[in-house]
Novice: 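Sharing a structure below in structure tokens format, with a few things to ask.
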Amino acid sequence: MSTAPHPTFVVPPTPSPALQVLLTYIDALNRWDGDAIMGVFHPNLVHQILPRSLGRQTLNYKEYSEYLQGFMMPLMKSFTATLHEVVEAADGQSLTVHTSSVGESFSGTPYANEYMLMMHVAPVMDGSSETLKIVAMKEFVDSAFSMTYFANERAKWAAEQKKPHGGA
């Protein structure tokens, strides 16, 4: 049985504007900086976590920000993403991305997941200049891992929140 290579993406010397947005997003994820992560998203963001069998609803900018900063940021104490492959559409505004990540939850549980992202960028006025931002993202996750991991971590988080302040 042969295995396919699992390459790490090499950034070209002059990345396209859409690729620059992706690289800014990955950098913000790797710094685990909620404000910087949200800074790459367009005000009209449509974000989906797929497959649909996970039962996740489509989120707009405000909802995704609340999910990220109110749930994911506190739940995960570290998160590092690695790009494996990026395919850019001829329109220069769409990317398909194979990425993986590792991290650790607040409880010390190791995290490792794999994703396919389909992202679309669109211009938005940023002060007096136009900037590209991610306006749509479909995030296909490892559904079996995600369902088990996040159910377990949510339960630990809920138990932790019930503890009186100052320890066990």
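Not measured: the values here are computed from a predicted model. Numbers here simply count residues along the sequence, with the first being 1.
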Novice: For the backbone of Leu75 and the side chain of Ser105, can you confirm whether one donor and one acceptor N or O come within less than 3.5 Å of each other?
Specialist: no
Novice: Any idea which heavy atoms bring Gly92 and Val121 closest together, and the distance?
Specialist: O-CG2, 4.3 Å
Novice: Distance check, rounded to the nearest 0.5 Å: Thr109 atom OG1 versus Met76 atom CE?
Specialist: 9.0 Å
Novice: Shortest non-hydrogen contact from Pro15 to Pro12?
Specialist: CD-O, 3.4 Å
Novice: Quick one: closest heavy-atom pair of Val46 and Thr58, and the distance?
Specialist: CG1-CG2, 3.4 Å
Novice: Look at the side chain of Lys133 and the backbone N and O of Val124, then say whether any donor-acceptor pair between them is shorter than 3.5 Å.
Specialist: no
Novice: Hey, what do you get for OG1 (Thr96) to CZ (Phe140), rounding to the nearest 0.5 Å?
Specialist: 9.5 Å
Novice: Does Trp32 reach the main-chain N or O of Thr80 with its side chain, forming a donor-acceptor pair under 3.5 Å?
Specialist: no
Novice: Can you tell me how far NE2 of His42 sits from NE2 of His120, rounded to the nearest 0.5 angstrom?
Specialist: 13.5 Å
Novice: Look at the aromatic rings of Phe41 and Tyr64 and report parallel, tilted or perpendicular, splitting at 30° and 60°.
Specialist: perpendicular
Novice: Ignoring hydrogens, what is the shortest heavy-atom contact between Leu68 and Gly34? Give both atom names and the distance.
Specialist: CD2-O, 4.1 Å
Novice: So which atom in Met73 and which in Gln69 form the shortest heavy-atom distance, rounded to 0.1 Å?
Specialist: CG-CA, 3.8 Å
Novice: Quick one about Glu63 and His47 (side-chain donor to acceptor, distance below 3.5 Å, no hydrogens or angles considered), yes or no?
Specialist: no
Novice: Distance alone, cut at 3.5 Å: any donor-acceptor contact between the side chains of Ser100 and His84?
Specialist: yes
Novice: Keeping the roles fixed (side chain from Asn113, backbone from Ser101), state whether a donor-acceptor pair exists under 3.5 Å.
Specialist: no
Novice: Give, for atom CG of Leu22 and atom CG of Leu83, the distance between the pair rounded to the nearest 0.5 Å.
Specialist: 5.0 Å
Novice: So how far is it from Leu117 CG to Glu139 CD, rounded to the nearest 0.5 Å?
Specialist: 5.5 Å
Novice: Between the side chain of Ser65 and the main-chain N/O of Tyr61, is any donor-acceptor distance below 3.5 Å?
Specialist: no
Novice: Looking only at heavy atoms, what is the nearest atom pair of Asn60 and Lys62, with distance?
Specialist: OD1-N, 3.1 Å
Novice: Should Val21 and Met38 be regarded as members of a common hydrophobic cluster, given that ILVMFWY residues are connected when their side-chain heavy atoms come within less than 4.5 Å of each other, either directly or indirectly?
Specialist: yes
Novice: Would you check if there is a donor-acceptor pair between the side chains of Asp91 and Ser94 at a distance under 3.5 Å?
Specialist: yes
Novice: Find the distance between CE (Met116) and CG (Leu50) and round it off to the nearest 0.5 Å.
Specialist: 12.5 Å
